[in-house]
Each structure stands twice: as C-alpha cells, then as structure tokens.
Amino acid sequence: MSKKKRVVRLNNDYTNASIVKQQNHIKEKLPRRKYMGIISVIAVVLMSLSVVNLVKSYTELESKMKLEKKYTEEDKNLGASLDMKEKQVVKLQNDDYVAKYARVKYLYSKDDELVFTTPDLLTTNQGNEKK
C-alpha cells in the first residue's frame with residue numbers, strides 16, 4: 001500500500017497573502033511575455049525583409065554579370081569583325097587587288113581573255129567575303 005501525502009492549506013492571513021502575491025506575480029509576468037512575443041515577431045519580420053532584399057540584390061547582380069559577359073563577348077566579336085573590315089578596306093585601295101576581285105567575283109575579263117570558273121575558287125572567295 002502506498003502512502004499518499006496530503007498537503008493541507010491553512011486559512012490564515014499569511015497563507016492568503018502569499019497566494020495573492022503569487023497570483024499577482026504571475027499576472028505581472030504575462031504582459032512581459034506578450035511584449036517579448038511581439039518584439040520577437042517584429043524582429044523576425046525585419047530579418048526576413050532583409051533576407052528577401054539580399055536575395056533580390058544577388059539575383060540582380062547575377063543577371064548583370066551574365067549581361068556583362070555577353071556584351072564583352074559581343075565586343076570581342078565586333079572588334080575582330082572591325083579588324084577584318086579594316087584589312088579589306090586597305091586591300092580595296094590596291095588597284096591590282098580590285099581588278100583580281102572583280103574578275104573572280106563578277107567574271108569580268110580583259111580583252112581577248114578567256115575565264116574559266118571553278119566551283120572551289122568561287123566558294124572560297126564568297127566564303128571570305130561573308131566573314
């Protein structure tokens with residue numbers, strides 16, 4: 001058989017005052033907890049806003065880096081194309097080159113000259129012109 005302990009409260013002024021004091025202490029702690037909860041919720045909201053802003057900034061940075069890489073590559077290609085065009089301009093200033101080019105491309109010939117075209121020659125010159 002187990003013995004059950006029983007606590008009996010005395011009805012006197014001291015015990016009643018201590019019970020009232022404990023209940024008041026609990027009532028005082030409750031608003032503090034409410035305020036702490038509100039403050040913690042506000043802190044979480046502020047932190048989440050800063051994290052969202054950070055992620056947004058990171059994605060913008062990533063897209064701008066991709067655009068920079070794309071345009072840098074495009075700039076290199078345009079620079080190479082510009083160099084090729086400048087070389088072609090220099091060649092076109094030479095009268096002998098222009099005469100040879102006209103013969104090959106447009107089948108012009110000198111008087112009493114026979115021109116025989118070969119497909120390899122035409123495609124090679126046309127391929128150089130397209131670049």
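Only this structure's heavy atoms are used, side chains among them; waters, hydrogens and symmetry mates stay out.
Checked against S57 for a side-chain contact (heavy atoms from CB on, under 4.5 Å), the options T59, N53, L61 give a single hit: N53.
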Would you give me the side-chain donor-acceptor pairs under 3.5 Å for residues 38-49, sequence neighbours excluded?
{"unit_1": "S40", "atom_1": "OG", "unit_2": "M36", "atom_2": "O", "d": "3.1"}
{"unit_1": "S40", "atom_1": "OG", "unit_2": "G37", "atom_2": "O", "d": "2.8"}
{"unit_1": "S48", "atom_1": "OG", "unit_2": "V44", "atom_2": "O", "d": "3.3"}
{"unit_1": "S48", "atom_1": "OG", "unit_2": "V45", "atom_2": "O", "d": "2.7"}

Enumerate donor-acceptor pairs with a distance under 3.5 Å from any side-chain N or O in residues 66-78 to protein atoms, sequence neighbours excluded.
{"unit_1": "T72", "atom_1": "OG1", "unit_2": "E68", "atom_2": "O", "d": "2.6"}

**OP:** Start with the C-alpha distance between T15 and N12, add both sets of side-chain angles, then the distance that settles side-chain hydrogen bond (donor to acceptor under 3.5 Å, both in side chains), and finish with yes or no.
**Re:** CA-CA 6 Å; T15 56; N12 60 17; 2.8 Å; yes
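Among all heavy-atom pairs drawn from V98 and L92, the shortest one is CG2-O, 3.1 Å.
Remark: E86 pairs with L82, D83 by the side chain to side chain contact (heavy atoms under 4.5 Å, CB included) rule, at least two apart or across chains.
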